[in-house]
Amino acid sequence: MMLRQRLLEILTQAVAEAQRLGKLPPVIPSDISIERPQNAQHGDYASSFPLKVARAAGLNPIKVANEIVGLIAPTEELDRVSVAPPGFINFVLKDDWLAKQVESVLAAGDAYGNLDFGQNRSVQIEFVSVNPTGPLHVGHGRGAVIGSTLVGALSAAGCEVQKEYYINDAGNQVKTFYRSLFARYQQCFGIDAEVPVDGYVGSYMVDLAKEIIAETGDKFLHLPEAEAVSQLGQIGLQKMRRLIKDDLELIGVTFDVWFSEQSLFDNGQYQTVMSLLRQAGHLAEKENATWFVSTALGEDKDNVVVRSDGSPTYFGTDIAYHYNKFIERQFDEVIDIWGADHQGHVSRMKAVIGALGINPDRFKVIISQMVTLHRGKELVRISKRSGDIITLREVVEEVGADACRFFFLSRSADSQMDFDLELAKKQSMDNPVYYVQYAHTRVASILRLAAENGIDYGDGDVSRLTTEPELILIRKMLLLPEIIEVVARSLEPHHLPYYAQDLATVFHSFYKQCRVVSQDDIALTKARLKLVAATKLVLAKTLRLMGMTTPEKM
RNA sequence: GCGCUUGUAGCUCAGUUGGAUUAGAGCGCAGCCCUGCGGAGGCUGAGGCCGUGGGUUCGAGCCCCGCCAAGCGCGCCA
């Protein structure tokens, strides 16, 4: 069980006992909480529960705290429990108990940090889902990295997670893509064709046309235009999907399901959900279009779901898609990661989910804000319209997948971020990526040295770990499960890189102060090797959660 | 005009569901530490009215209201 939970249990028991003895009024259990004091001098954990209950009941918080502390029996993990003004309860862990945790970490192995917090609830997380009409750019990369990291953290936290990419293969964008590609194709043969006004003008479309010509020649020039556009377009679309998949794999992002928008029409689910909404009175005809009457649900305005020409809007098909997620596939929880430009879509989507009788709390949207690229001080401009885009692939090839992932993860999703290519590329100490990975290689090299010297530390006695640097390192390792819970609960993966840096820092500090492999004291050497091996596990776990490699050498 | 997000050290950002007379980290800046396991490291210091003005309470960077500034969005694009 997680340490914090264990302490919560101890505290809750004491509170219940105090209530039984009539020393405390009845309270709601959720009021009881254990926090981590920001000032370490106050102890490992603390509770402000006495302050809260004292206010509600009109009691003296110090007295309340003393009553509770008096009812906490000694335990193996707690050195002391004390009361501090104005009414805190502070918990300090026992040094020898901390030392023993090294064995627990080693025994848990790769599973260290995993929780049952999620209780196997099924979570579907959908991200990237870029139209297959062009290559991914940096902003997409951010969503991809956040999404894939959440998948790992939620899995570690005990959720059954499925990751999905939604392919918009049915809308207007696809038709425009088809016509753009056909125009480029014709141009390659010297035909005076024009890319549609709102078409895709990027140079990658020319490359795509050339690639298809290299494979199949001019055969589409000899077909009736409608047929040519459609056949050529489908080939192009397939290639685009392949390209996107490859780009994503470059930063370690894969999916369980590639979900086709078109399938929602083919299997009738779009029609089903529309008639459900119609029967429930959520749809209305206005100006020849069909509207979702969200104003009746407290929204600012209604939204079109079926255009006057009879075709569904993006919103319309997205309704069907989420009906599919919740009703057809029965996920307990659905998480969507969208770009900042979709932010206006959130509240109407929540409204429609409520209208379908689904608890909107089961639907979570993460908006990942924009990324601006810098090269040192210089701003790198992105303009999709002109086709002048910085692709994700270019960035990954320039700075590497590990650095790319780490940087994307280092900022909370809801604030815009600057991505400095120069900094990410630097293999020096200004780059936190290398700082963290360096800690891992140092650990690895110590273990290598021990192996070369034939030291078997299996019988190491961890009770020899008593000094400050050792205990600080152990305390930091014990934090990982809490970090995983925070990430899973808040859906904010940016806590991981910060934890990784903290862990690396305390390790480097330990390394400086505590000689590990030494002939002078073989017993201490073995104990410290156990600590180092445990550190390796925790560092590696953290790096893997972030989707980064765990180098043995650099 | 309305909505969402953001505003914390020179720069880039954390701040774990309001908590403890000193608000943290990295970089940058000023210094110190190499007869040892990887110096891609360790240590010390300077640097903040937490955008701004009110409010809520035992207690606010965090909650509420106003204002200022930036980004994004606002009925048949996705």
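Naming: A, B, ... by sequence-line order, numbering from 1 per chain. Here the structure is a predicted model, which means the values were calculated and not measured.
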Is it the case that A/R489 places NZ or CZ above or below the six-membered ring of A/F117, under 6.0 angstrom from the centre and within 45 degrees of the axis?
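Checked: cation-pi criterion not met.
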
Under 4.0 Å between a side-chain N or O of [X] and OP1 or OP2 of [N]?
X: A/S415; N: B/A14; value: yes
X: A/Y45; N: B/U16; value: no
X: A/Y314; N: B/C76; value: no
X: A/H508; N: B/A40; value: no

Rounding to an integer number of angstrom, what distance separates B/C32 and B/A69 when you compare their P atoms?
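Each nucleotide's P atom is 47 Å from the other's.
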
Without decimals, in angstroms, what is the distance between [X] [atom1] and [N] [atom2]?
X: A/Q416; N: B/U5; atom1: CD; atom2: P; result: 13 Å
X: A/K52; N: B/U57; atom1: NZ; atom2: C1'; result: 14 Å
X: A/R475; N: B/U16; atom1: CZ; atom2: C1'; result: 19 Å

What nucleotide, of [options], holds the atom closest to the side chain of [X]?
X: A/D300; options: B/A78, B/G3, B/A14; result: B/G3
X: A/W291; options: B/G75, B/A20, B/U12; result: B/G75
X: A/K512; options: B/G15, B/G19, B/G39; result: B/G39

Can you find an N or O donor on one side and an acceptor on the other, under 3.5 Å apart, linking the side chain of A/Q343 with the base of B/G3?
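By the distance-only test, yes, there is a pair.
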
With no angle test and no hydrogens, is the base of B/A20 tied to the side chain of A/N90 by a donor-acceptor pair under 3.5 Å?
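Such a pair exists between side chain and base.
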
Using a cut-off of 4.0 Å on non-hydrogen atoms, how would the nucleic acid contact of A/I483 be classed: base, sugar-phosphate, or nothing?
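Nothing, no nucleic acid heavy atom in range.
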
Look at all strands and tell whether A/M370 reaches a base, only sugar-phosphate, or nothing, counting heavy atoms closer than 4.0 Å.
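Sugar-phosphate, no base atom in range.
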
Partner nucleotide of B/G28 by Watson-Crick or wobble geometry (both distances under 3.5 Å):
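Base partner found: none.
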
Find the partner of B/C2: check Watson-Crick (N1-N3 plus N6-O4 or O6-N4) and G-U wobble (N1-O2, O6-N3) distances, both under 3.5 Å, and reply none if neither fits.
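The answer is B/G73, by the H-bond criterion.
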
Between A/F49 and A/F88, is the gap from one ring center to the other below 6.0 Å?
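No, too far apart.
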
